[in-house]
Structures are given as structure tokens and as C-alpha cells.
Novice: 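Just passing along the structure, written as C-alpha cells.
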Amino acid sequence: MKHVFFTFLLGAVFCMGLQSQEMAVDYTVGEKFGDRHRYSNTLVMQHDHQGNTVVVRNYYAGVVLRPKGYLIEIYDKDLNLAAEFNYKLKDVDFVEGYVKNGQIYLIFLKYDFKERAYQYEVHRSPLGEFNFGVETLLSIPSEPVGQPYDRNYYNRNFGSGFTTTLLTDLGKSGFVISTHFKKGKDKRHYIHVFDHSLNKVMEHDFSSQIETKNYSFENVAISHDLKDVYIVGKAYFKKKRFQVNERKFQYELLHLDAGGIHLQTFNEPGKFPESLIPIRHQDHLYCVGFYADRKDHRYNGLVFYDLDPITLSVGTKRYNAFTEQFMEDKFGREVDKEIKNLVFKNALIDTEGNILFNAEEYFVTESTQDNVSGGRIRVKRFHHNDIICAKMSASGNMLWARNINKTEVTQGDGAYVSYSSHAKDGDTFIFMSSAAEQPQLLPGERLFFKQGLGRNRNLFVITLSPEGKIGYQKIIDDKEARLPIMVAIPLIDTQKDEMVFYAKRGSKKQLVKMRIK
């Protein structure tokens, strides 16, 4: 295991002229370990009750790659591989996983042809023993459909007869399962809330609302005592004629408690909210996100709502247009450019009550290409582009918004090409990897990370000061860490300001720990 400690000056990069601020970063590169499963996706990274790191991956094998099972790994505090278990399991769809009270929980969605029903199954085992028991959390009668679990950010298919999604909040207090299905000739929609010990806390019948609207839930906030649940999503209108300047959906906020479900809509004329996320803080309930002046998803700025957490009445609302600084960050001197396809990654409240959040420009494209047999295949490409960071005051005024220019595209695992973030003492830290040796430094303190062609990738940290000043530093060189790091799936310890990353290529794997001092 290799320890490295260094100190760098934010803004010391000679050509950026940024405000200087000393910041120390300590990181540890773990030993490399062999791995039989060359093709896999990392699904879960969490600490157990002893401070060990638990990693869950699903792996693929065969001439035509197919899912074969789940590999569970436990690393000790020194990043050494202490135990691993191959859980051979097929014909289920992984939905969520977590570690709690010395046990590992894996939640799957499967179709039971005998029962003619979709079932949420939980596979649970004490850590270290790997003796899994299986229990059915929910069973929903339905005919099989093509895509039962749907988390498309921009459009949802409600015509299949069954759709479901599971949401968990940033604080991992519990999770929500939404089920929209047919029961005889009737369409039904139920919302279930569970704690992490699998106890059902709430169940509400939401069917009355889907007579006129279909719901696509996106983000959730759950109180620590699980008595209040706030869900934000799009409500798509049915059987309604639309004007040219109208959208076919509106954003709504649901408040679930013991008394039922309460609704608040965000439908101010001429303002179209996008990518809203709820944040519960002390006696406040905030909804923050983006907004557009037109219905075509072109974002024009940041929106802020301060609501009563019980009645959902809106006390303060603000629409903050993107600043000239932000537009120059993103486009330089070009005009009439579009800002769209932004997906939230993280949001938090700092010690002064300000709201720090960041999002990524994410979208999917499809094309056809020739295959080895002379035929044509359809290929999906996942684009992880610019990073948007913003800071708003507790009263909803935008203090700053900055754009980090980035172009990354992949046909598979986005864990390597996206990013993760953390905040400490008012500073925001963006961790991302790039095959480029250095970013392009553009006029006006602008950073641009191009997708490089190198096999190995460098780990960069981009910093934004409390005033919104940008700095960057290459943390780990591609010659030092020979395995690419999955920057988008970190284990974040907010108490210690530590982040653990998984690194893997082919038959080798290792952990990397980063600590902000």
C-alpha cells in the first residue's frame, strides 16, 4: 500500500490567475489484487459497522456476455482484500443494495411466471458469513412487459401496463417503491415506504390521481424518523388538448405522512421547472433545480422554492437567470446556445445555510454500425458532458454558478467517465478522471477537459472556493495508478471527509482512498 501526502495551492496554476488558498490532500493507493471476472459493473460501495469497505459487483461471462452473478468483496481499513464471495444468481434485475447493522441487503425485481406477478425480492446475509436468505418485499400481479423498471430522465412509457421505480434519499434513511399497474380493468398506483430493516412504514393508494395524470418520480427526501417523505416528479397529463406554448407535464411535489398524500404543483405561467430536487433542512423544505422560459427544455437559470414542510405552501420562490460569468464559462463568446439535459448529482446545505449543488449534462444517442458478421446493429452512446456547480443563499438568491467544460462518451459503464463531489468548509471538490494530461485553459478562467485517447486515466480534483473561484490539480498520474478509477461511484465518509474509489481493469483491481484535510 502506498501513502502519498502533498499540499497544493488553489489558483497557483500560472495561467489562471485565481485566488490562492492552501489545501492539503492525503491519498492512499491500495495493493493490486487479481480478479477472475474481467467484465463487471460496480453497484454498491459502503462501509460496514467496523469501518471495512464493502463492494458489490455484477459480472458477465460467455461468448456472448451475459450476467452470471454478483461478487461481494470486503476490504479492511488498510485497503487489503479480506474476503470475497461469488453469489451466483441469474434472471433477476438488480435495483438497490446497501449495508446495515452488519448485514448486506440486495434488492432485485423479478417476474414470477407461476404467480404471474412482478416481485421485489430482498436477498439478505450477515457480512462475512454469506448465507443469503430470500424474502419477498412486494408482489404485484401483472403480465410481463418489456421494461418494467423505468428511470428514464426525459420520458416515461406508461402504456405497457406495468411500471415501477425505487428511490432512496441522499441520507439513506429509507427507500420508496412506486408501482403503477393494471388490476382487472382498473389502473392502480401504490406508493410504499420502507426502512432499511425492511419494515413497511407507509403504504398509500395513489390511484385517484392517475385518472388524469401519469407520474414519473425523480427525487426523494426522507426525514430521519421516516414520518415525512417528499417526492418530486413529473405529472404527465392525459386526455388534454395542449396549446403550442404548453408542456404535456408539470412538476409536482408529494408529501407522504400518516395522514395520506398531499400535493403541490409548480406551474407558474411562463416558467417551466426542470430537474427539481427536494431538500429537508431544519424547519425548511427547499426545492431547487433549473427552469426554462419555454417548454423545449432549454434551461435559463436556477429556481428556488421554500415551502412549509407540512402544508407545502410556497413561502419564497426565486428564478435566478444564469449569469454572464456562467454563460462565458460554458460557451465563451458564442451566443444563442442551448443549455439542456441536466441531471442532478449532489445537493447539500453548508454550515451557513447556503445550498451547494451540482449537476451533469447527460444524454443518450443511438446510431447503427456494421458488425463483424456484415450486419447492422443499433448502438447506444451515453454522453457525460459539462458539470454545473452552483451556490444559493438560504433565501434563494444565486450567489454564483460555474460551468466545467467536459466531453465524455461511452457505450458501457459510465462509472469511469462521470464524476463525484464533496464539500468541506464552503469549498466544493469535484473528482473526475481524464485521459488528457492537462485540461485546456481557455480565456476567462475556463477549463475544458477533452476526452483523450490514452489507455490510462489521470485523476483530477477541481475546486470551487466559497466565492466560486475555480482551481484544479492532477492528483494521481496515470503512471502511478495503472488502473482506471471509477470516479462516479465513490464511498463518501462525510464525518472524516474521506472518499474511497474502486479501480479496475481486466484481471486487476484495487482501492484508492482520498482524504481532504
Novice: Is the closest basic N to carboxylate O distance between D493 and R515 below 4.0 Å?
Specialist: no
Novice: For H196 and N101: C-alpha separation, side-chain torsions, deciding distance, then whether side chain to side chain contact (heavy atoms under 4.5 Å, CB included) applies.
Specialist: CA-CA 9 Å; H196 275 138; N101 302 323; over 6 Å; no
Novice: Looking only at the aromatic ring of each residue, does the gap between the centers of F357 and F344 stay below 6.0 angstrom?
Specialist: yes
Novice: Below 4.5 Å, heavy atoms only, C-beta onward: do F266 and V303 meet side chain to side chain?
Specialist: no
Novice: Within the distance-only criterion (no hydrogens, no angle test), does the side chain of Y149 pair as donor or acceptor with the backbone N or O of L166 below 3.5 angstrom?
Specialist: yes
Novice: Tell me whether H47 contacts the main-chain N or O of N52 through its side chain, where contact means a donor paired with an acceptor under 3.5 Å.
Specialist: yes
Novice: Taking K227 for the side chain and A258 for the main chain, is one N or O donor matched with an acceptor at less than 3.5 Å?
Specialist: no
Novice: Within a reach of under 6.0 Å around NZ of K200, are more than 12 heavy atoms found that belong to other residues, nucleotides or ligands?
Specialist: yes
Novice: Is any side-chain heavy atom of V288 closer than 4.5 Å to one of I277?
Specialist: yes
Novice: Can you spot which of E203, H192, M202 makes a side chain to side chain contact (heavy atoms under 4.5 Å, CB included) with L256?
Specialist: M202
Novice: Check whether any side-chain heavy atom of L285 sits under 4.5 Å from a side-chain heavy atom of L253, and report yes or no.
Specialist: yes
Novice: Nearest heavy-atom pair of M499 and S420: which atoms, and what distance?
Specialist: CE-OG, 3.6 Å
Novice: Do any N or O atoms from the side chain of T407 and from the backbone of N385 form a donor-acceptor pair under 3.5 angstrom?
Specialist: no
Novice: Is atom NZ of K100 surrounded by more than 12 heavy atoms (other residues, nucleotides or ligands) closer than 6.0 Å?
Specialist: no
Novice: About how many Å separate CD1 of I387 and CZ of R402, when rounded to the nearest 0.5 Å?
Specialist: 13.5 Å
Novice: Quick one: does R124's side chain have a donor or acceptor within less than 3.5 Å of a partner on G133's backbone?
Specialist: no
Novice: How close do I177 and F194 get, counting heavy atoms only, and between which atoms?
Specialist: CD1-CE1, 4.1 Å
Novice: Quick one: closest heavy-atom pair of V232 and C287, and the distance?
Specialist: CG2-SG, 4.0 Å
Novice: Which label fits F460 and F449: parallel for a plane angle under 30°, tilted from 30 to 60°, or perpendicular past 60°?
Specialist: perpendicular
Novice: Please say which of F326, Y319, Y299 ends up in a ring pair (Phe, Tyr, Trp, His ring centres under 6.0 Å) with F290.
Specialist: Y299
Novice: With a 3.5 Å cut-off and no angle check, do the side chains of Y120 and T164 form a donor-acceptor pair?
Specialist: yes
Novice: Report, as yes or no, whether the 6.0 Å neighbourhood of atom CD on E135 holds more than 12 heavy atoms from other residues, nucleotides or ligands.
Specialist: yes
Novice: What distance do D386 atom CG and Y362 atom OH have between them, rounded to the nearest 0.5 Å?
Specialist: 16.0 Å
Novice: Answer yes or no: is there a donor N or O on one side and an acceptor on the other, between the side chain of Y118 and the main chain of T163, under 3.5 Å?
Specialist: no
Novice: Is it the case that K345 places NZ or CZ above or below the six-membered ring of Y419, under 6.0 angstrom from the centre and within 45 degrees of the axis?
Specialist: yes
Novice: Answer yes when K406 and E360 have at least one side-chain N-carboxylate O distance shorter than 4.0 Å, and no when they do not.
Specialist: yes
Novice: Is the shortest heavy-atom distance from the side chain of Y105 to the side chain of V99 under 4.5 Å?
Specialist: no
Novice: Kindly determine whether R57 and E73 satisfy salt bridge (Lys or Arg N to Asp or Glu O under 4.0 Å), including the steps that lead there.
Specialist: CA-CA 8 Å; R57 295 156 44 207; E73 306 165 356; 2.5 Å; yes
Novice: List the steps, then state whether side-chain hydrogen bond (donor to acceptor under 3.5 Å, both in side chains) holds for S223 with D225.
Specialist: CA-CA 5 Å; S223 63; D225 59 8; 2.7 Å; yes
Novice: Between CD of E121 and CG of L106, what distance do you get to the nearest 0.5 Å?
Specialist: 11.5 Å
Novice: Using only atom types and a distance under 3.5 Å, with no angle test, would you say the side chain of N214 pairs donor to acceptor with the backbone of K238?
Specialist: no
Novice: If you take all heavy atoms of N131 and P126, which pair is closest and at what distance?
Specialist: O-CD, 4.1 Å
Novice: How long is the span from the OH atom in Y305 to the OG1 atom in T316, to the nearest 0.5 Å?
Specialist: 12.5 Å
Novice: Could you go through E252 and Y215, starting from their C-alpha distance and side-chain angles, then the distance that decides it, and tell me whether this counts as side-chain hydrogen bond (donor to acceptor under 3.5 Å, both in side chains)?
Specialist: CA-CA 9 Å; E252 295 188 6; Y215 283 81; 2.7 Å; yes
Novice: Is there a donor-acceptor pair closer than 3.5 Å between any side-chain N or O of S197 and the backbone N or O of N199?
Specialist: no
Novice: Could you check D306 against K317 for salt bridge (Lys or Arg N to Asp or Glu O under 4.0 Å), going step by step and ending with a plain yes or no?
Specialist: CA-CA 6 Å; D306 186 355; K317 61 182 174 184; over 6 Å; no
Novice: Flag the pair K110 and D93 as a salt bridge only when some basic side-chain nitrogen lies within less than 4.0 angstrom of an acidic carboxylate oxygen.
Specialist: no
Novice: Please name the pair of heavy atoms, one in I104 and one in I72, separated by the smallest distance, quoted to 0.1 Å.
Specialist: CD1-CG2, 4.0 Å
Novice: For residues Q209 and L263, determine if any side-chain heavy atom of one lies less than 4.5 Å from a side-chain heavy atom of the other.
Specialist: yes
Novice: Which word best sums up how the rings of F249 and Y236 line up, parallel for under 30°, tilted for 30 to 60°, or perpendicular for over 60°?
Specialist: tilted
Novice: Heavy-atom distance under 4.5 Å between the side chains of F206 and L254, does that happen here?
Specialist: yes
Novice: Could you state the interatomic distance from CG (D48) to CD (Q103), rounded to the nearest 0.5 Å?
Specialist: 12.5 Å
Novice: Could you go step by step and tell me if D205 and S207 meet the side-chain hydrogen bond (donor to acceptor under 3.5 Å, both in side chains) rule?
Specialist: CA-CA 6 Å; D205 187 345; S207 304; 2.5 Å; yes
Novice: Tell me if a side-chain donor or acceptor on S393 pairs with a main-chain N or O of M398 at a distance below 3.5 Å.
Specialist: no
Novice: Flag the pair E143 and K182 as a salt bridge only when some basic side-chain nitrogen lies within less than 4.0 angstrom of an acidic carboxylate oxygen.
Specialist: no
Novice: Indicate, with yes or no, if the rings of F108 and H123 have centres closer together than 6.0 Å.
Specialist: yes
Novice: Could you tell me whether the side chain of Y251 reaches within less than 4.5 Å of the side chain of N267, counting heavy atoms only?
Specialist: no
Novice: Compute the centroid of each ring, for H422 and then for F429, and state whether the two points are separated by less than 6.0 Å.
Specialist: no
Novice: Could you tell me if T410 and H384 have a donor-acceptor pair between their side chains, going purely by distance under 3.5 Å?
Specialist: no
Novice: If you look at every heavy atom in C389 and I404, which pair is closest and at what distance?
Specialist: SG-CD1, 4.5 Å
Novice: Quick one, I355 and I349 - any side-chain contact, counting heavy atoms below 4.5 Å?
Specialist: yes
Novice: Could you tell me the separation between the CE atom of M327 and the CG atom of N403, rounded to the nearest 0.5 Å?
Specialist: 9.5 Å
